[in-house]
Every structure is written in structure tokens, then in C-alpha cells.
Amino acid sequence: MSDWTDPDAFASALDRAETREKGHYFERFAVGETIEHEPGLALDRPGNERWMGQTLNHDPAYWRTDTARERDFPEPPIHPDYLLACVMGATVEDLSEKGGYFLGRTDLRFHEPVLPGTEIRARSTVESTATSNSRPDYGIVTWQTAGYDAETDSVLVSYERTNMVPRRTATAADGGQVTDDEQTAEEGASTRTLPDTLIAPDGPHFEDFRAALDRVGDDPDAAVAYRHERGRTMDDQLVAGLPLATLNTARQHHNRDAMADSPSGDIVAYGDVTRSVALAHARSDEATYRERAYHDESFHDFVTLGDTIYGFTRVLEADPDPGPPRAGEVTFEHVAFDQDRRPVYSGRRTALVDSRHPDQ
Ligand SMILES: CC(C)(COP(=O)(O)OP(=O)(O)OC[C@H]1O[C@@H](n2cnc3c(N)ncnc32)[C@H](O)[C@@H]1OP(=O)(O)O)[C@@H](O)C(=O)NCCC(=O)NCCSC(=O)C[C@H](O)C(=O)O
């Protein structure tokens with residue numbers, strides 16, 4: 001009788017066996033097609049608290065009932081970063097499990113607060129497809145995705161995301177190597193100057209951001225921009241644990257064997273974890289009332305186990321009008337960077353920030 005566990009015989013059988021593949025190549029995506037994603041999950045308090053605790057999102061409104069009510073929530077809601085990561089996680093099997101880079105996301109909007117117990121579903125529509133000029137083995141696909149309440153069908157979060165997706169038929173490509181000319185151009189770009197004078201707001205409230213912007217005025221050599229002190233080292237819990245808890249099946253985050261020969265050489269953090277950590281650092285220095293929207297989010301470089309993520313914030317605008325009387329709208333640009341000062345994420349965020357209380 002054959003011994004299927006004889007190591008040599010088994011290794012040779014593996015070479016002959018077909019692999020039942022997961023995920024889809026670029027050619028599968030047709031513009032206009034809508035995909036209803038099968039995975040869905042119930043957003044509960046323990047999952048929410050695990051995400052928030054690990055990413056340092058410790059805003060008490062998401063943990064304490066009394067603070068939640070002060071912030072006009074009926075109870076501590078699901079954190080927007082966790083909601084977003086779960087919606088995107090549920091789409092990965094259909095859209096990006098095959099691998100390829102998460103290039104960016106824009107027009108991300110949170111439509112309404114979400115309470116624990118909500119069961120979510122996701123659907124995506126293919127917006128555009130193109131072959132990549134710089135990496136001919138890949139295509140670039142943009143999807144419009146909505147995360148919605150399975151019971152009421154109301155949209156909770158929506159965004160447009162772009163990934164590189166491997167092509168089924170690899171071309172005679174250079175594998176994405178950057179040429180010497182491109183390298184020189186990149187180095188030249190990195191010497192571009194930023195404003196000399198960087199000022200920080202005096203406090204966390206809307207008036208503090210507005211006053212800091214007024215101080216900068218029209219001076220092209222000044223900006224409201226500051227660092228956040230906290231950092232978070234990426235451990236196994238963040239790199240593999242959190243994405244799996246959102247049903248994100250991308251091998252980049254949990255299969256070291258498959259990633260050993262990839263450009264990163266190891267598993268990499270889910271972009272939504274990296275982003276959530278940097279945003280948590282920023283939020284810890286502001287009196288956030290509500291998260292509203294994000295634009296032009298990009299993931300610039302790999303984050304691997306042992307990297308430490310810090311946050312940097314630039315304040316772009318402070319508008320008193322669009323919010324409720326207690327808050328004004330502030331637009332930030334946030335940058336996540338690592339221990340070597342390498343930017344790994346950037347995005348523009350619009351949030352409502354509480355006004356200073358009259359006796360503060
Ligand atoms: C991704 C990178 C390797 C890109 O590096 P670089 O080559 O320097 O970037 P380019 O700017 O030249 O862009 C390459 C091509 O992609 C197009 N592009 C770039 N951004 C966008 C965008 N937002 N929308 C549309 N198209 C975009 C450019 O036009 C170029 O096109 P072409 O010239 O035709 O080729 C590098 O940035 C990198 O390594 N980033 C890290 C990526 C990463 O680690 N991401 C987060 C973790 S992975 C993850 O979370 C996966 C997730 O689970 C999932 O499933 O998606």
C-alpha cells in the first residue's frame with residue numbers, strides 16, 4: 001500500500017498535484033460588474049474593543065456609556081476604523097486575495113454611527129481596469145465598495161479603492177524593478193523643501209486649530225504641523241491577528257512561507273491597521289466629535305513585524321459652519337511613519353472637532 005506521508009514520495013506528489021487557487025487575477029474584473037461579497041460579520045463589542053485596544057484608539061466615547069452619551073451616541077458605537085477594516089476585510093477574498101499592492105483609497109465616507117450587534121455585508125462595483133505601465137505583470141483595478149447593514153440595507157460606509165492585481169499571463173516584465181533614471185528622479189524629489197516654520201495648536205479643540213491656522217496666515221514658509229509622541233510596534237497580534245479577525249484572507253498578512261520570496265520578504269501589516277494606529281496617535285491629541293470622510297489615502301511602503309508606527313499631522317482647514325453648534329469641521333493630512341522616519345501611509349481626513357467649553 002502506498003504511504004502518502006513518505007516525505008520524498010509526498011514532495012514529488014505535491015509537484016504533480018494541481019493547486020486549487022484562491023482569489024482572482026486581473027482578467028476576471030469587468031468594468032460595471034457588481035460583486036456581492038459572501039463573507040459578512042457581526043460587529044460586536046469584544047471585536048471592537050480588541051481592535052481599538054490594540055491600535056491605541058482609546059477615546060472613551062467608544063468605551064464608556066456616559067461619555068458616549070455626552071457625544072450624542074446612544075451607547076459606545078463601533079469604531080469607524082474597525083467598521084472600515086471589517087468591510088474591506090470581507091471584500092478581500094473576491095477582490096485582492098491574489099496579492100498585489102493596496103495602492104490607495106478615496107472618497108471614504110461614514111454615513112451613520114453603527115452600534116454593536118450590527119451585522120454587515122459588502123458589495124463592490126468594478127469602476128476601472130488598466131494594465132500597469134511600471135509593473136507589466138500587474139493590472140490596476142478600482143472598485144467602489146459599500147458596507148451595509150444586513151437587516152436594513154442602509155449604507156454605513158462607502159469608498160473607492162485601487163489595487164494592483166496580478167495578471168494571469170505574466171509578461172516578459174522587469175518584475176517592477178526601478179530603473180537608475182527613476183531612482184535618480186526619486187532622490188531628486190526627496191530633497192524638495194517643506195516649510196521652515198512648523199507650529200502646533202495650543203490645545204485639542206476646534207478653536208485651537210483655527211487659531212494656529214490664523215497664526216500661519218498666508219506665509220508660504222509656515223504650516224500647522226506636528227508630531228504625536230506615541231508609537232506602536234507591529235507585533236503578530238497586529239500584523240496577522242487583526243486582519244484575520246476582519247476576515248481579510250490576503251496572504252500578505254499571515255503566510256510567512258508565501259511571502260518569503262516576495263519584495264517585502266515577510267508578512268506585512270494590513271494597511272487599515274497601520275492607518276488606524278497612526279490615526280489613533282493623532283486623535284489622542286484632539287477633541288474629536290465625529291469622523292466624517294477621508295480622501296487620497298495612499299500606502300507608500302511595506303510595514304513588517306517589528307516596525308514601529310508613529311503619526312504626524314498637518315492641519316489644512318478649520319471651518320466652523322458644517323458641524324453642529326458644539327463642533328467645527330477640521331481637515332487634516334495625516335502621515336504614518338516608522339522608526340526610520342519612512343512615510344508608510346498618508347491621507348486627508350475631515351472630522352468634526354468639539355469647540356472649547358466656555359469654562360475651559
Ligand atoms: C505600491 C508601491 C509598490 C508603488 O510604488 P511606486 O512604483 O513608487 O508607485 P507609483 O506611484 O509609480 O504607482 C505604481 C502604479 O500604480 C498607479 N497608482 C498608484 N497609486 C494609485 C491610486 N491611488 N489610484 C490609481 N492608480 C494608482 C500609478 O499610476 C502607477 O501606474 P503605472 O505607471 O501604470 O504602473 C509602493 O507604494 C508600496 O510598496 N506600497 C506599499 C503597499 C502596501 O504595503 N500596502 C498596504 C499593505 S497591503 C494590504 O493592506 C493589502 C490588503 O489586505 C488588500 O487586500 O488590498
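Start at 1 and go down the list; that is how both ligands and their atoms are numbered.
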message: As an exercise, identify every atom of ligand 1 less than 4.0 angstrom from a heavy atom of Val92.
response: 55 (O)
task: Report the part of Ser134 in contact with ligand 1, treating N, CA, C, O as backbone and CB onward as side chain, heavy atoms under 4.0 Å; options are side chain, backbone, both, neither.
output: both
Residue portion contacting ligand 1 (non-hydrogen atoms closer than 4.0 Å) for Val344: neither
task: Please indicate whether any nitrogen or oxygen in Gly271 is less than 3.5 Å from any nitrogen or oxygen in ligand 1.
output: yes
- prompt: Under 4.0 Å from ligand 1, counting heavy atoms only, is it the side chain of Tyr101, its backbone, both or neither?
  reply: side chain
message: Taking 4.0 Å as the limit for heavy-atom contacts, which would you say applies to Ala269 with ligand 1: side chain only, backbone only, both, or neither?
response: backbone
task: Please work out which of Ser96, Ala85, Gly139 has its closest non-hydrogen atom nearest to atom 54 (C) of ligand 1.
output: Ser96
- prompt: Leu352: which other cluster members, linking ILVMFWY side chains closer than 4.5 Å, directly or transitively?
  reply: Tyr289
field: Residue part near ligand 1, for Asn248, under 4.0 Å between non-hydrogen atoms
entry: side chain
field: Phe299, any N or O under 3.5 Å of ligand 1 N or O
entry: yes
statement: ligand 1 atoms nearer than 4.0 angstrom to some heavy atom of Met164 are 14 (C), 15 (C), 16 (O)
query: What about His300: any of its N or O atoms under 3.5 Å from an N or O on ligand 1?
result: yes
query: Is the closest heavy atom of Arg161 to ligand 1 under 4.0 Å?
result: yes
- line: Checking heavy atoms under 4.0 Å, the part of Asn133 that sits near ligand 1 is both
field: Asn163 contact mode with ligand 1 (heavy-atom cut-off under 4.0 Å)
entry: side chain
message: Check this for me - ligand 1, Ser132, N or O atoms closer than 3.5 angstrom, yes or no?
response: yes
query: Any side-chain donor paired with an acceptor under 3.5 Å for His205 and Ser355?
result: no
query: Could you give all pairs that pass the side-chain hydrogen bond (donor to acceptor under 3.5 Å, both in side chains) test and reach residues 242-251, with sequence neighbours left out?
result: Glu97-Thr249
